[in-house]
Asker: 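Take a look at this one; I'll ask things after.
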Number of protein chains: 2
Amino acid sequence: MQISSRFTIAVHILECIKYFEGRNAITSEFLAGSIGVNAVIIRRIISQLKAAGLVSVERGKTGIISARNLDDVTLYDVYSAVEAVSSDGLFHFHANPNPKCPVGKNIHDILDGTLREIQNSFEERMRSVKLKDLKPVTLDITE
Amino acid sequence: MQISSRFTIAVHILECIKYFEGRNAITSEFLAGSIGVNAVIIRRIISQLKAAGLVSVERGKTGIISARNLDDVTLYDVYSAVEAVSSDGLFHFHANPNPKCPVGKNIHDILDGTLREIQNSFEERMRSVKLKDLKPVTLDITE
DNA sequence: GGCAATGTAACACAAAATATTACAGGAGGA
DNA sequence: TCCTCCTGTAATATTTTGTGTTACATTGCC
């Protein structure tokens, strides 16, 4: 399977905040327009980003979403905020290997450590990229 | 989301072949018993492994699945055989970013390269592990 | 020919992601 | 104060993917 689009949507949201903060009122409706999904989807993801401490929302104030230190947010911060993988791990294991089979009995022993290492290096790779490392948004001077 | 259990099932299958080849008749029914899933699931995955050149099936011969050079098969070989990720990539991108928004217009430019690199290093990590690098199956001398 | 196993189609079901409508509640501004 | 805008969240629907199951044609050994 693929990592859900919640992740790219969340990065898109943060890039919008970086770009528009102070210039436009950033509402879920506004973000939905830029991203091309329903505003409720945006609000749910915003909730997750808020829970992770990446953004904060001043309620009632005609739609302002303010953030903090977004440049140093890593892709892992975003990923772990919106993806519910943490509990089960990246790899989905078949649930009922047969303990009466010598292979079935040992399959977790055979695989768990290595799969965990692969997951760890994947997450480490995500941690090594900060938002400021991404290609900057090309400024459109005609607008 | 998670990588589907097809991957761990496929590794389990290959470990069974390594362990039982020459000792037991290896049928989809037999494998289903060790792995704890339906035999049709096994047959479907066997088809994929066969298409990837990892195993071969001598049909009709009272259930024998023979393989080749399994020790040097990498986890990536198995992963790419059973996971349909190749076309879309590891990350699912939201489909309709707004080209009229400066961020929406550039979001692919901002992210695609970096996400591709992360996917590449993930796959490279999988390529670095061969089946013979996994923990060996503990031999049960009482059987 | 009979038997055992594969290869696949067809269908059912569950889980997750995504979309949509609805509405209660907070806060600023007239 | 009242109006309006926006958030937060529930409820529900739809789609997609993964998984389970039954059925059956086909293959090749005995």
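Every chain is numbered from 1, with letters handed out A, B, ... down the list of sequences. Quick note: numbers below take in every heavy atom, side chains included, and nothing from hydrogens, waters or symmetry partners.
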Asker: Taking all heavy atoms of A:S34 and all of B:G104, pick out the closest pair and write down the distance.
Answerer: OG-N, 3.8 Å

Asker: For C:dG7, does either OP1 or OP2 sit under 4.0 Å from a side-chain N or O belonging to B:K50?
Answerer: yes

Asker: Whole Å only: how far is the NE2 atom of A:H94 from the C1' atom of C:dA15?
Answerer: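 Roughly 20 Å, once rounded to whole Å.
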
Asker: Identify every side-chain donor-acceptor pair in residues 124-135 of chain B under 3.5 Å, counting partners at least two apart or on other chains, and give the distances.
Answerer:
unit_1	atom_1	unit_2	atom_2	d
B:E124	OE1	B:R127	NE	3.4
B:R125	NE	A:S121	OG	3.3
B:S128	OG	B:R125	O	2.7
B:K132	NZ	B:D72	OD1	2.9
B:D133	OD2	B:K130	N	2.8
B:K135	NZ	A:D109	OD2	3.3

Asker: Tell me the bend of the helix from C:dG1-D:dC30 to C:dA30-D:dT1 as the angle between end helix axes, each from five pairs, rounded to the nearest 10 degrees.
Answerer: 10°

Asker: What's the NE2-C1' distance between A:H92 and D:dG18, to the nearest Å?
Answerer: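 Rounding to the nearest Å, NE2 of A:H92 and C1' of D:dG18 are 8 Å apart.
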
Asker: How many Å lie between CZ on A:R43 and P on D:dC6, as a whole number?
Answerer: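 So the two atoms are 10 Å apart, to the nearest Å.
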
Asker: Going by the rule ring pair (Phe, Tyr, Trp, His ring centres under 6.0 Å), which residues pair with B:Y76 if we only count those two or more places apart in sequence or in a different chain?
Answerer: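 Partners of B:Y76 under the ring pair (Phe, Tyr, Trp, His ring centres under 6.0 Å) test: none.
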
Asker: Filter on side chain to side chain donor-acceptor pair (under 3.5 Å), then keep only pairs touching residues 43-54 of chain A, sequence neighbours left out; what's left?
Answerer: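 Passing the test, one end in residues 43-54 of chain A: A:S28-A:R43.
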
Asker: Looking at D:dG8, C:dT8, D:dT19, which one has an atom nearest to any side-chain atom of A:I46?
Answerer: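 Of all the options, the side chain of A:I46 is nearest to D:dG8.
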
Asker: Return the nearest nucleotide to the side chain of A:R6; candidates are C:dA17, D:dA10, D:dG8.
Answerer: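 Among the listed nucleotides, the one closest to the side chain of A:R6 is C:dA17.
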
Asker: When you measure from the side chain of A:E83, which nucleotide among D:dT7, C:dA19, C:dA17 comes out closest?
Answerer: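 Looking only at heavy atoms from C-beta outward on A:E83, the closest nucleotide is C:dA17.
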
Asker: D:dT17, OP1 or OP2 - any side-chain N/O from B:S4 closer than 4.0 Å?
Answerer: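 B:S4 to D:dT17 OP1/OP2: no side-chain N or O under 4.0 Å.
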
Asker: When you measure from the side chain of B:V40, which nucleotide among D:dT21, C:dT6, C:dT21 comes out closest?
Answerer: D:dT21

Asker: For A:H94, give me all partners under ring pair (Phe, Tyr, Trp, His ring centres under 6.0 Å), at least two apart in sequence or on another chain.
Answerer: B:H12

Asker: Just jot down the side chain to side chain donor-acceptor pair (under 3.5 Å) partners of B:N120, sequence neighbours excluded, or say none.
Answerer: B:R116

Asker: To the nearest Å, give me how far apart CD (A:E29) and P (D:dC5) are.
Answerer: 12 Å

Asker: Under the side chain to side chain donor-acceptor pair (under 3.5 Å) rule, collect the residues that match up with A:N96, sequence neighbours excluded.
Answerer: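 Here no residue qualifies.
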
Asker: Side chain to side chain donor-acceptor pair (under 3.5 Å) with A:N38: which residues, sequence neighbours excluded?
Answerer: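 With neighbours one apart ignored, the set is empty.
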
Asker: Is there a side-chain polar atom (N or O) of A:S28 under 4.0 Å from OP1 or OP2 of D:dT7?
Answerer: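 Yes, A:S28 has a side-chain N/O under 4.0 Å of OP1/OP2 on D:dT7.
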
Asker: Does OP1 or OP2 of D:dC5 have a side-chain N or O of A:T27 closer than 4.0 Å?
Answerer: no

Asker: Please give, in whole Å, the distance from C:dA17 P to A:F7 CZ?
Answerer: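 The answer, rounded to whole Å, is 15 Å.
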
Asker: For the pair made of CD in A:Q48 and P in C:dA17, what is the distance, rounded to whole Å?
Answerer: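 Those two atoms, CD and P, are 10 Å apart.
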
Asker: May I ask you to decide if B:S5's main-chain N or O and B:T8's side chain share a donor-acceptor pair within less than 3.5 Å?
Answerer: yes

Asker: To the nearest Å, how far apart are A:I42 CD1 and C:dA17 P?
Answerer: 16 Å

Asker: Which nucleotide, D:dT19, D:dT22, C:dT21, lies nearest any side-chain atom of B:N38?
Answerer: D:dT22

Asker: Where do N or O atoms of nucleotides 12-14 of chain D meet protein N or O atoms at under 3.5 Å, pair by pair?
Answerer:
none

Asker: Could you work out which one of D:dT7, C:dA19, D:dT19 sits closest to the side chain of B:I41?
Answerer: D:dT19

Asker: When the nearest nucleotide of DNA chain C is assigned to A:I9 and to B:S47 on a heavy-atom basis, which residue is associated with the more 5' position?
Answerer: B:S47

Asker: Specify the separation, in whole Å, of atom CD1 of B:I3 and atom P of C:dA16.
Answerer: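 Between P of C:dA16 and CD1 of B:I3: 16 Å.
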
Asker: So, taking the atom named CD1 in B:I3 and the one named CZ in A:F93, what distance separates them when rounded to the nearest 0.5 Å?
Answerer: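 Reported to 0.5 Å precision, the distance equals 13.0 Å.
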
